[in-house]
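So the structure is just underneath, and the comments pick up after that.
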Amino acid sequence: MCFTFAQLGSILLELCIAASPEPSGQQAAAAVALLQRGDAAAAQRIHRQALDAGPRHASSWSNLAALAVGLGDAAVARSHAKRALSLDPRSADAWVNFGVASWHAGVRREAAQATHHALQLSPGMETAALNLALMFRAAQEPQRARAALEDALARNGGSVRLHQVNAGLCRLAGDAEATRRHASAALAILLPTLLPAKLPEDGSEPAADVAQAHLLAAMTDACDRLQHAGIAHVLIGGVVLGIAREGNPFVGDKDIDIALDDGVDRDAVAAAFAAGFTPVRVPAAHARDARRWCMGYTHEVTGIGIDLFFMQRGDTTIRQGLGWPDQLLYDYPSFVPGMLAWRGRDWPVPAPLEAYLASNYGDDWRSPWREVGDGRRFDKRWFDTQVSCPGLVAESIPRAVNLVLLRLIASLRQGQWAKALALCDQVLVREFIGEVEAVRRHLLGAGIQ
């Protein structure tokens, strides 16, 4: 069994829990479950009790190492893992946990070596391969990350997660053909394991008032900064659609798109967002190209994303590019700045607004549903602008489809059946892919709508 603790750091390394023949190892496994539910005090108490019991098996010490990592004591975790390895040097689980503990202790080279050794003991081991790939990515070595996954797949080709993560790495590397190959393989392997069921709506939604207050604060801050710097701008994208269609942004929106002219000084933009915003990190090799089309920030107070797009004006069209890694391009009819009132303020938006929204979301932009034929429709919560935008340039379609295939895999693995079906419908409008059609038939056959 493997798991992650989200609070451990910027990369989510997985830890291993083994079946232990003695109570102390079983206690450690139970304490990990408590810790995942947020009961750190109980987990700490069980950790001490398990140690007092005097564990004798490598699996128990390995489990204790995983627990200590979760408790935030990497040095103790390394000690526990070393004890496990002294009892069983061939325990791949213990080597994985030693690698994770070493990573969080700052001993990065030893962490990678330990994780590699786990793979030597257990070729194709999913957890070890994923961890090693993450370590290489953190070290800015993406080619070695892909190589680690390819090697693991040669021995464990039936792993959905290895194909899924490798598809993501291939996307980041700009290898569209390999992205498609691994994403399609993941879907084919995943299909027979799917057990979709229509679940009742629970009626729960994020706190709309709080979410809209956050959006308002981030929008106000971003637009005020641009206005103060003398940089012309208009709001675009989903926030504008929500306000125009329903009077408020959609509940759950976590980013704001803003269009600027292509000739804007990027350094002036960076200076405007130098404080209170965290720039989106882009690999150094792609930073210049990415800045050509867009710059991304996170509003530190609210966590709302701010994406700034530098639009290229033609004679009758405006082109938007998403930059690295997908290099997607969209053409819209030319627009000029207009105004849209919301929450006591006039916000700059494209004009004529209706024409812009139709060019971005389709002529049915006013409807919360998208009709897909055969009497079916899907909730536009699952409308994917990247692939379904009418302005998507033909040369960008294969890469847009690849991006949505990755989202489809994630939705299936998370049991988001209605969203997955909507993504299938949208992909198949652009391109027929046998694995996607098979998933679509499977979901429809299970009664998903």
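By convention here, the first residue in the shown sequence is residue 1.
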Please answer whether the main-chain N or O of Phe378 pairs with a side-chain N or O of Arg370 as donor and acceptor at a distance below 3.5 Å.
-> no
Counting only N and O atoms by type, is there a donor-acceptor contact under 3.5 Å from the side chain of Trp61 to the main-chain atoms of Pro55?
-> yes
Could you tell me whether Asp267 and Arg291 make a salt bridge, using a distance below 4.0 angstrom between a side-chain N and a carboxylate O?
-> yes
Do the side chains of Leu13 and Trp103 get nearer than 4.5 Å, heavy atoms only?
-> yes
Kindly indicate whether the side chain of Met311, heavy atoms from C-beta on, has any atom under 4.5 Å from the side chain of Arg319.
-> no
Answer yes or no: is there a donor N or O on one side and an acceptor on the other, between the side chain of Asn97 and the main chain of Cys16, under 3.5 Å?
-> yes
Taking Ser62 for the side chain and Ala58 for the main chain, is one N or O donor matched with an acceptor at less than 3.5 Å?
-> no
Does atom CG of Asp52 have more than 12 heavy-atom neighbours from other groups under 6.0 Å away?
-> yes
Can you tell me how far CG of Asp253 sits from CG of Leu215, rounded to the nearest 0.5 angstrom?
-> 6.0 Å
Any side-chain heavy atom of Arg413 sitting closer than 4.5 Å to one from Arg161?
-> yes
Does Ser396 reach the main-chain N or O of Leu329 with its side chain, forming a donor-acceptor pair under 3.5 Å?
-> yes
Residue list, side-chain hydrogen bond (donor to acceptor under 3.5 Å, both in side chains) with Trp324, at least two apart or on another chain = His286
Above 12 or not: heavy atoms from other molecules or residues under 6.0 Å from CZ of Arg376?
-> yes
Indicate yes or no: at least one non-hydrogen side-chain atom of Pro350 is less than 4.5 angstrom from one of Ile236.
-> yes
Side chains of Ile243 and Pro249: closer than 4.5 Å at any heavy-atom pair?
-> yes
Acceptor/donor pairs from residues 140-154 side chains to any protein atom, 3.5 angstrom cut, sequence neighbours excluded:
| residue | atom | partner | partner atom | Å |
| --- | --- | --- | --- | --- |
| Glu141 | OE1 | Arg144 | NH1 | 3.1 |
| Arg146 | NH2 | Asp175 | OD2 | 3.3 |
| Glu150 | OE2 | Asn166 | ND2 | 3.1 |
| Glu150 | OE2 | His182 | NE2 | 3.1 |
| Asp151 | OD1 | Arg155 | NH1 | 2.6 |
| Asp151 | OD2 | Arg155 | NH1 | 3.3 |

Cationic tip of Arg266 above Phe310 ring, under 6.0 Å, 45° of axis = yes
With sequence neighbours left out, write down each residue that passes salt bridge (Lys or Arg N to Asp or Glu O under 4.0 Å) with Asp326, or none if nothing qualifies.
-> Arg171
Under the salt bridge (Lys or Arg N to Asp or Glu O under 4.0 Å) test, which residues partner Asp363, sequence neighbours left out?
-> none
Counting heavy atoms not belonging to Arg137, are there more than 12 under 6.0 Å from its CZ?
-> no
Does a side-chain N-to-carboxylate-O contact under 4.0 Å join Arg90 and Asp88?
-> no
Identify every side-chain donor-acceptor pair in residues 109-116 under 3.5 Å, counting partners at least two apart or on other chains, and give the distances.
| residue | atom | partner | partner atom | Å |
| --- | --- | --- | --- | --- |
| Thr115 | OG1 | Ala111 | O | 2.8 |

For residues Trp382 and Leu423, determine if any side-chain heavy atom of one lies less than 4.5 Å from a side-chain heavy atom of the other.
-> no
Indicate every side-chain donor-acceptor pair of residues 401-412 with a distance under 3.5 Å to a residue at least two apart or in another chain.
| residue | atom | partner | partner atom | Å |
| --- | --- | --- | --- | --- |
| Asn402 | OD1 | Arg180 | NE | 2.6 |
| Asn402 | OD1 | Arg180 | NH2 | 3.1 |
| Asn402 | ND2 | Ala176 | O | 3.1 |
| Arg407 | NH1 | Asp384 | OD1 | 3.0 |
| Arg407 | NH1 | Asp384 | OD2 | 2.7 |
| Arg407 | NH1 | Gln386 | OE1 | 3.0 |
| Arg407 | NH2 | Gln386 | OE1 | 3.4 |
| Ser411 | OG | Arg407 | O | 2.9 |

Under a 4.5 Å cut-off applied to non-hydrogen side-chain atoms, are Leu241 and Glu246 in contact?
-> no
